[in-house]
Amino acid sequence: MEKKWWKTAVIYQIYPKSFQDSNNDGIGDIGGIINRLDYLEELGIDAIWISPIYKSPQVDSGYDISDYQDIDPIFGNMEDMDRLIEECNKRNIRIIMDLVLNHSSDQHRWFQEAKKSKDNPYHDYYIWRDGKEGEVPNEMMAYFGGSAWEWVPELGQYYFHQFTPEQPDLNWHNEKVRQELYQMICWWMDKGIQGFRLDVIDLIAKEPDLCIAENGPKLHEYVRELSRSTFQKKPEIVTVGEAGNTGVESALLFSAQDGSELSMVFQFEHMDMAHKKENQINWVLPFDLLELKEILSKWQVELYGKGWNSLFWDNHDQPRIVSRWDNDPTYREESAKMYAMLLHGMQGTPFIYQGEELGMTNVAFDSITDYRDIAAKNLYDRMLGRGYTKEEAIELIQKDGRDNARTPMQWDKSLHAGFTKGTPWIKENPNYEEINAEDERKDPNSIFHFYRKLIQLRKEYAIFADGKYCLQDKENKESFSYLRSSDTEELYVVCSFVNGCSKVSIPERFLKDGVLLACNYEESLPEQLQPYEGRIYYRKKNAE
């Protein structure tokens, strides 16, 4: 298996708006990231993925980019970015930029030109259809609700947008658009950026006339061209494509070992399993451990030796894992460590979202005015429009809303959790006095130090990157167990998903001549798991 740095690496996602504010305007910034690099170095991560910091009107938290080659003033300027690159290099921390190639902001100069006339050279940078006001080209809907078509009366045309109307989709069928994007990416690579997370990359080849949004016919053709024109020029670049609804077959193309497309993809099957779509509203269903086993195991087995997995529980679009599946809050610390063990023991590149290493939880604002996410606000309005009560709408957002992951990073017990001395752009979670980085770093048995240990184990033992996966005890509804094995080593990972004690059967060879690498309890019984207990056993196959 070809050795790439990112196959033994752990990557940390920063949502800069909520990470650390350095100028007390209430918004996290590049200076704040720089001020916390020592913390990240202590944690032991290899790279940081930074959510968009490009110039943007911030309609969708920076995923509406108005200038790909400038920094938004709320985060700093290009000199700050250059300093961040320099400071990260000193600590051997690579920078992965979040890049939105499917759409731009309607304030981008390309779109401003495109609206001027049908003959403007930039008009075809976007997707337009002739029509009449009130008669949309077809019934395609935007992900945040409403039609995917927006009327421009001065042109007598509709433009296509899969998110907000302020985020018009780029026309990837226009080669000029593609070449402009490639040049921009190479510019960032030359500045020292060493990776990219590609937002909704599976949407770029959409065919609106055929009502195809995801996985269009030319998707992989475009991604291969993108890779040849940019990433393959510097083999050390890591690329992660967000492809939420991709299947294994497509993921094998995205993450092919020949490097013809990307390094890996984010797929969300394991995170979406507890949802069903009903009138565009997500209803959270009861957690099903057997389904989780089936999904995670499928990806482990089918990508082995052919592609590469990304491993994650949390990100800026997901509720916090310690709150997501109604885990007993009494065992927050134990469950946080258990989830970490389960994921970090698998093959792939683990991603840690800011605060995950502290066991940060969902927040429960009781009013829609305290939420900032446009998707949550749109959902709230749609629910009220369909006859649901305010209480029902808020309850769903509290459970499943994206702002659960976007409250300020909890650094210490001081005002606003040490995030800012100003007024934060979104309220902090009030539990920061009990859950914060300062206390976690002081406690050698904390979640923070447990993550440090897991990160180090991946670097010490080749089995984490190379071992073949095999699910164990498949029908057990209380615990998740799997085996990782190579010619010379093997791991056995077992994790409890219940808040009571349960029986477990550890293979005798691990108890006889194996080593317990990690456990979230000081004392364990071989035949019994305590609430949310997790263990990682290691064994050399030639052990006597």
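Position 1 is the first residue of the sequence, and the numbers go up from there. Here the structure is a predicted model, which is why all the values come from computation and not from measurement.
- Summarising the local packing, NZ of Lys390 is surrounded by 12 or fewer heavy atoms from other residues, nucleotides or ligands at distances under 6.0 Å.
- At most 12 non-hydrogen atoms from other residues, nucleotides or ligands lie less than 6.0 angstrom from NZ of Lys477.
- Contact detail for Ala405 and Asn315: the closest heavy-atom pair is CB-O, 3.3 Å.
- The existence of a salt bridge linking Glu79 and Arg83 is excluded, since no basic side-chain nitrogen approaches an acidic carboxylate oxygen closer than 4.0 Å.
- You'll find the side chain of Glu392 stays beyond 4.5 Å of the side chain of Leu396, heavy atoms only.
- The number of heavy atoms from other shown groups lying within 6.0 Å of NZ (Lys421) does not exceed 12.
- Within a 6.0 Å sphere centred on CD of Glu395, other residues, nucleotides and ligands contribute 12 heavy atoms or fewer.
- Between Tyr339 and Asn327 there is a side-chain heavy-atom pair separated by less than 4.5 Å.
- Side-chain atoms of Asp72 and Ser56 include no donor-acceptor pair closer than 3.5 Å.
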Item to check | side chain to side chain contact (heavy atoms under 4.5 Å, CB included) between Tyr353 and Phe351, intermediate numbers included | outcome: CA-CA 6 Å; Tyr353 180 71; Phe351 287 76; over 6 Å; no
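- Counting only residues at least two apart or in different chains, salt bridge (charged side-chain N to carboxylate O under 4.0 Å, His left out) contacts with residues 338-352 are absent.
- Taking the ring centroids of Phe254 and Phe266, they lie at or beyond the 6.0 Å cut-off.
- Annotation: Lys377, atom NZ; neighbour count of heavy atoms from other residues, nucleotides and ligands within 6.0 Å is above 12.
- With Lys427 as the partner, the side-chain hydrogen bond (donor to acceptor under 3.5 Å, both in side chains) test is satisfied by one option alone out of Thr407, Asp403, Asp370: Asp370.
- Taking each heavy atom of Ala47 and Trp5 in turn, the nearest pair found is CB-CH2, 4.1 Å.
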Item to check | side chain to side chain contact (heavy atoms under 4.5 Å, CB included) evaluation trace for Leu342 with Tyr482 | outcome: CA-CA 9 Å; Leu342 181 69; Tyr482 60 87; 3.6 Å; yes
